[in-house]
Amino acid sequence: MTETSRTPPERAAESLLAFWAEAGVDAMLLDEPLDRIAAGRIIPPKPPERRSEAPQKPAAAARGGPDVSAAIAEARRAAGEAKDLEALKAAIAAFEGCPIRFEGAARQAVFARGRPDAPLMVIGEGPGAEEDQRGEPFVGRAGQLLDRMLAAAGLKDRVFITNTVFWRPPGNRTPSAAEQMVCAPFVERAIELVAPRMILLLGAAAAKSMLKRDEGILSLRGRWFEWRSADETLELPAMPTLHPAFLLRQPAAKKKAWSDLMTLTERLDRPDRPH
Ligand code: URA
């Protein structure tokens, strides 16, 4: 369509969409648009009518609060029954206890990619738009940077990559602690099944939830911590580092992340000493 063939309302709509996109709005929360400006007053939102094929929000466990423990128990049961990574992927896809799934930005569950017997487990925050579309973690710009860094460190084919949550949060907001807790039994089961020798945590959200610590990423990065499973039967060395999305915004910080990767690789390649 040429500029002149568009009607004024079409041009106005296009310009408004461009403004929203520029402002970072990239997800729709309701199925239908809501005209809050109509009639010169703010109209209270009606609850959206869900199309029958859309996933239905389960009454329990979806919003956080007291239902979180029921969702965690269900995640633990479903994860525990998964005998291998394929079964775990299917269990995650069927799981309805994580509220992000119903917030309107997620098309599908995004579980993992990489070697099923990798010595290094890499855990990020949660899927973004590209990951949501393709169903694999870290395949957007941040993922491409991550892959280049892993390749340069000789880790390319030695990793299994996943996230703390498996659905894309709207507007790429940081997942809440409750959402991460609900997904944690699946992350833990993945660690159990892959049995890596160590874990690399990308960014503050992954580091804080996996290590149950509160310091900022600049204080946590490059240090070794002990990750423990909820029942404390599993224990692995874990290192937080800067998230590749942060490195895209702050390229000068890449040397810190590189130094973290070097520290980690040195330990990964160190032959196991007998106790
Ligand atoms: N950022 C993440 O934390 N995870 C992804 O999968 C992609 C971007």
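Worth knowing before you read on, the calculation uses all heavy atoms, side chains too, and leaves out hydrogens, waters and symmetry mates. Order of listing sets the numbers, starting from 1, for every ligand and every atom in it.
Protein heavy atom at the shortest distance from atom 4 (N) of ligand 1 is Asn163 OD1, 2.8 Å. Counting protein heavy atoms only, atom 8 (C) of ligand 1 is closest to Phe138 CE2, 3.8 Å.
Between the side chain of Asp84 and the main chain of Ala87, a donor-acceptor pair closer than 3.5 Å is present. Side chain of Arg113 to backbone of Ile161: no donor-acceptor contact under 3.5 angstrom is found.
Contacts between Ala142 and ligand 1, counted as non-hydrogen atom pairs separated by less than 4.0 Å, are absent for every part of the residue.
Residue contacts with ligand 1 include Gly126, since one or more of its heavy atoms lies under 4.0 Å from the ligand. Residue His243 places a heavy atom less than 4.0 Å from ligand 1.
Ring pair Phe95/Phe186 is perpendicular by interplanar angle, where above 60° counts as perpendicular and below 30° as parallel.
Applying the salt bridge (Lys or Arg N to Asp or Glu O under 4.0 Å) criterion to Glu266, with sequence neighbours excluded, gives Arg270.
The pair Glu86-Lys89 fails the salt-bridge criterion, with no side-chain N (NZ, NE, NH1 or NH2) lying under 4.0 Å from an Asp/Glu carboxylate O.
Backbone and side-chain nitrogen or oxygen atoms of Glu125 are examined, and one is located within less than 3.5 angstrom of a nitrogen or oxygen of ligand 1.
Close approach of ligand 1 to Pro137 is summarised as follows: ligand atoms under 4.0 Å from at least one heavy atom of the residue are 6 (O). Near Gly124, meaning under 4.0 Å from one of its heavy atoms, ligand 1 places the atoms 3 (O).
To the nearest 0.5 Å, atoms CD1 (Ile100) and CZ (Arg168) are separated by 11.5 Å.
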